[in-house]
Every structure is written in structure tokens, then in C-alpha cells.
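Heads up, the thing below is written out as C-alpha cells.
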Amino acid sequence: MDAAVQGTPTERYRPVTGVATAAKALIALVLVCDVLDTASTWHTHFVVRDYLAGNATTADLEAADLVATLVAIPALLVSIAAGVVFLIWLWWARINAELLGGRSAHRRSRGWAIGGWFGPVVNLWFPYQVVSDIWRASAPRRQVPGGLIIAWWVLFVAVTIIGQILLRSSLEEITEQGLQEAANLATLSTMLNLASGVLIVVIITQITTWQTAAPQQPTETHSTPGAIDHSTARMALITLLLGVFSLVPLLIVPGIITAVLVLLRANRGPATPEPETTGPPEATAVGGMAGSRTTAVVMALSGLLFSVTWSGIWAYAVVDATHGPEPSTTLADCENPPAGSATMCTMKPGDCFTWPGEADRFLTVALASCTQPHDAQTIGAYTADDGPWPGWDAFQNQIDAWCGPIAQRNVDASAVSPDDSLGLIAPDQTAWDGGHHTAFCAVVSEASGYRQSILVPDADLSVPTR
């Protein structure tokens, strides 16, 4: 055997052009998602800042959280897909590099081409050594500069470290300063990741070019150039169909898995020598549709794209359903509630009703007779100072200061439980701008509710309550 082609007799050269193209395309998508994720982080920071300043509502916070979720879920799926396809390319490139340069040209055994990325501590340098050795062994002239590999790896490690810092900060209490620091770090990480992504794409391209142009590639006799076996052709078609019909959520994961398998099998070439035919190579294709390796790769990538797209759509649907439809907050709706209902614009001290949740998330409440089952009752009101809308945090901080004394004067202690809580029905920014500056204090049952008024007979129900 020629010294330039070494390896076990059962191994053969792996064409890596298709999987390299897939890896580069997915890496590009990862970079796009990274930019969108950083933009989402800054958006969240600005919304929180405005919220604390009284210029945004909780609905704005939830909208920002929804945007962040809709960016994060597809980004995670694309990152996983990119990682899997890249490792497939790396594995085949490593086999080819061994056949071209011999196993002695590599500092780590072949298993570390995959395992090196996941082993604690060793993942700080083993992957670099694996890629660096493949780079040198694949080059027509073994003495090639390795500065490109070093630069990529330094950037990759830096991005990984910043990612760990961001992950830990996300588990801490959310503050405006913390969000700004996270946004700054995310921006730095994105800039480094863009540079790292461009470098790894250049590396993949160069190694693939060298290995494709290698003059001493072991070949399979009687193999049809560019052809794949029938089972891979059928799987490519199934992958495309799974992607298209991933509107059924159960098909998303199988679609992604089969796409990866097709990319893997399409780059192994025919499993057995193709029979000789008198017609063109295309005559061996299944139905003339998926017999070429290029067609199979395109179909697999298309199916993968459909699956990822549908996953994003379903993520939006799930998050939207979790948050529920946002209530209307127009001034007309606030001032003209349906019969039997009340709003923050029409509420009166002494009203009994069903507590709807957080004050800014509802427009109307269902009023109830105080002798019928209910779980909340307004006990008084106060008028906030004039000026711009103070924001929900300001109202929340006033519950004890304003509602505490009102509760002591107006609430019959024998009618409530120690577990019951004080609540506040405050105007949102729309109501505030419409001239409604009154906030209503309420007592909310945390147990079985009430069947009578909880107010003392001589309760002061004036507005504002004195």
C-alpha cells in the first residue's frame, strides 16, 4: 500500500462534501440565532428598565419574555442539529485524515474526535488537538500554519466561558443591573462567536477541499459516482415528508433524527458495489427521485428546516396558550364594563367579587352579592399623587402603607382568616392617563372564600378612605 494511504483494510475514504455543506449551513443559522438572542436580551433589559420607571406594564414584560422564549427554543434546536452534523463531519474527516496521513499523525485516538467535546477538563484542549491534527494530515504539504486553528479555538473557549457565566447569572434574582450586565456579556459573546463561526466555516471548507482533492483516495470498485443505496433514498424522502408534516408535534423529533441519519448515510457512499448498468447512473435511483447523494442531502436539509420551523411555531403556540390572551385595556372598556361586572375605573369600596389574579392582567371582574360565595372584597380606596403613572412596583410597595391601616379600621377580624391576604386593584397606564388615579384595597381569601361581608358595620367607604 502507498505510504500516503494507511488504515485498516476494511476502511475506505469518506466523501465529506455534503455533510460539510450541511454543517456550514447550520453553523450560519446558529450565528443568526445568536444575534437574535442577544437582541432579545437587550429588548428584555429595556422593557424591565421602563417597567421599573413606570413606563411599561407587566403585559410588556410578558411580551418580552414571550419573544425571548420564541428565540431561545429554535436556537437550542438549531444548535443541537449543528453540533450533531459537525461531529459527523469531524468523524468522517478524521477517518480520511488517518487514511491520508496515517494514525501516527494524530495525538489522540479516534474516539476523542467525539468524546473530547464532552469530557470534563479535557474538553479544553482535546478537540483543538483533534482538529489541528486533521488539518495537518489533510494538507497536501504537511507543514501548514496552524494559526487559524489556534485563533478559532481561543475564541470558542472564550464563548464557552461567557456562556457559563450567563447561565449562572440567569439563575440569580432578576435585577435591572443584572440584566444590563447579561446584555453586555451576550453582546461580547455574540461578537466572539461570529468570529469563531466564520473561522470554523473556513476550517471545514479548507479540510474538505484538501480531502476531496487528495490524489490517492481509496475507491470502491464498481461503485456508481454520486449514487446512494435505495434505503437511504427512501429515508431522504421520509425525512422531507416528516418535516413538512411536523405540524403534528410528535413528528418533529423523528424528523430531525432521520435528517441526521440521512446526512450520515449519504456521505458513506453505497453500502455495496452497485451493479453495472448500461444506462446512466441516474437509472439506479428510486423512482429517479432520490438516487443521487446531492438530492438526498438537499431533501434531508429541507426536512430539517421544516422540522425546526414547525418547532418554533409550536413553541409560540404553547407559550401563547400558557400566557393566555391579553385582555383589552382601552379606556372605553374600562369605563363601560358589562352588566354585573366592574373594572378598576368603576370599582367601589365594599364591592364583593371573584379575585382575577394580578391587577394589571384583568379589565373586568365578576361582581357578586356579598351573601353569595366570593373570594374578595374591596375594603377602601386611596388616590395616588398626580404625575406620570408610577408603575406596578410603586403600587405594590404601597399595599402595606395604605391598605394596612384601612384594613385595621374597616375589616371585621372575626370574618377573615390569618392566611388571607391584602390585594390592590390599581389603574394601569391607560386608566391612569384617562384620569383614574384611585387604587382599591381588597382582602382576598386564601381558603374557602366568603359568604358574607367582611366589613365592620361602621366601615368608612368614602373615596379616598379616611
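Residues take their numbers from the sequence shown, with the count starting at 1.
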Checking the side chain of [X] only, and the main-chain atoms of [Y] only, is there a donor and an acceptor separated by less than 3.5 Å?
{"X": "Thr343", "Y": "Cys334", "result": "yes"}
{"X": "Ser189", "Y": "Leu185", "result": "no"}
{"X": "Gln452", "Y": "Thr371", "result": "no"}
{"X": "Gln377", "Y": "Ile454", "result": "yes"}
{"X": "Thr383", "Y": "His437", "result": "no"}
{"X": "Ser462", "Y": "Pro464", "result": "yes"}
{"X": "Asn184", "Y": "Gln180", "result": "yes"}
{"X": "Trp389", "Y": "Pro427", "result": "yes"}
{"X": "Asn410", "Y": "Leu455", "result": "no"}

Measure the [atom1]-[atom2] distance between [X] and [Y] for me, rounded to the nearest 0.5 Å.
{"X": "Arg94", "Y": "Leu87", "atom1": "CZ", "atom2": "CG", "value": "13.5 Å"}
{"X": "Cys370", "Y": "Phe353", "atom1": "SG", "atom2": "CZ", "value": "10.0 Å"}
{"X": "Trp117", "Y": "Phe86", "atom1": "CH2", "atom2": "CZ", "value": "4.5 Å"}
{"X": "Ile379", "Y": "Arg409", "atom1": "CD1", "atom2": "CZ", "value": "9.5 Å"}

Sub-4.5 Å side-chain heavy-atom contact between [X] and [Y]:
{"X": "Tyr382", "Y": "Leu424", "result": "yes"}
{"X": "Arg110", "Y": "Trp91", "result": "yes"}
{"X": "Thr190", "Y": "Thr187", "result": "no"}
{"X": "Leu422", "Y": "Val443", "result": "yes"}
{"X": "Val32", "Y": "Leu36", "result": "yes"}
{"X": "Leu148", "Y": "Gln206", "result": "no"}
{"X": "Leu194", "Y": "Val35", "result": "yes"}
{"X": "Thr438", "Y": "Met347", "result": "no"}

Nearest heavy atoms of [X] and [Y], plus distance in Å:
{"X": "Ile134", "Y": "Gln211", "result": "CG2-NE2, 4.1 Å"}
{"X": "Trp112", "Y": "Val130", "result": "O-CG2, 3.9 Å"}
{"X": "Leu166", "Y": "Ala182", "result": "CD2-O, 3.5 Å"}
{"X": "Arg108", "Y": "Asp133", "result": "N-OD2, 4.3 Å"}
{"X": "Gly197", "Y": "Leu31", "result": "CA-CD1, 4.0 Å"}
{"X": "Gly350", "Y": "Leu461", "result": "N-CD2, 4.2 Å"}

Residues Trp89, Val85; criterion side-chain contact (heavy atoms from CB on, under 4.5 Å); working and verdict: CA-CA 6 Å; Trp89 171 84; Val85 175; 5.8 Å; no
Worked verdict on Trp125 versus Val157 for side-chain contact (heavy atoms from CB on, under 4.5 Å): CA-CA 9 Å; Trp125 74 91; Val157 171; over 6 Å; no
Ring centroid separation Phe156 to Trp153 under 6.0 Å: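 Yes, close enough.
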side-chain contact (heavy atoms from CB on, under 4.5 Å) between Thr212 and Thr209, worked out: CA-CA 5 Å; Thr212 302; Thr209 300; 5.9 Å; no
Residues forming a side chain to side chain donor-acceptor pair (under 3.5 Å) with Asn123, sequence neighbours excluded: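 For Asn123 there are no side chain to side chain donor-acceptor pair (under 3.5 Å) partners, ignoring immediate neighbours.
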Residues forming a side chain to side chain donor-acceptor pair (under 3.5 Å) with Asp351, sequence neighbours excluded: none
For Ile204, the option from Ile200, Ile207, Val201 that meets side chain to side chain contact (heavy atoms under 4.5 Å, CB included): Ile200
Arg451 CZ: over 12 foreign heavy atoms closer than 6.0 Å: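 No, not enclosed.
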Residues Asp60, Asp50; criterion side-chain contact (heavy atoms from CB on, under 4.5 Å); working and verdict: CA-CA 9 Å; Asp60 295 325; Asp50 292 344; over 6 Å; no
Selection residues 401-450 - residue pairs positive for disulfide bond (SG atoms under 2.5 Å apart), sequence neighbours left out: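 Those involving residues 401-450 are Cys403-Cys441.
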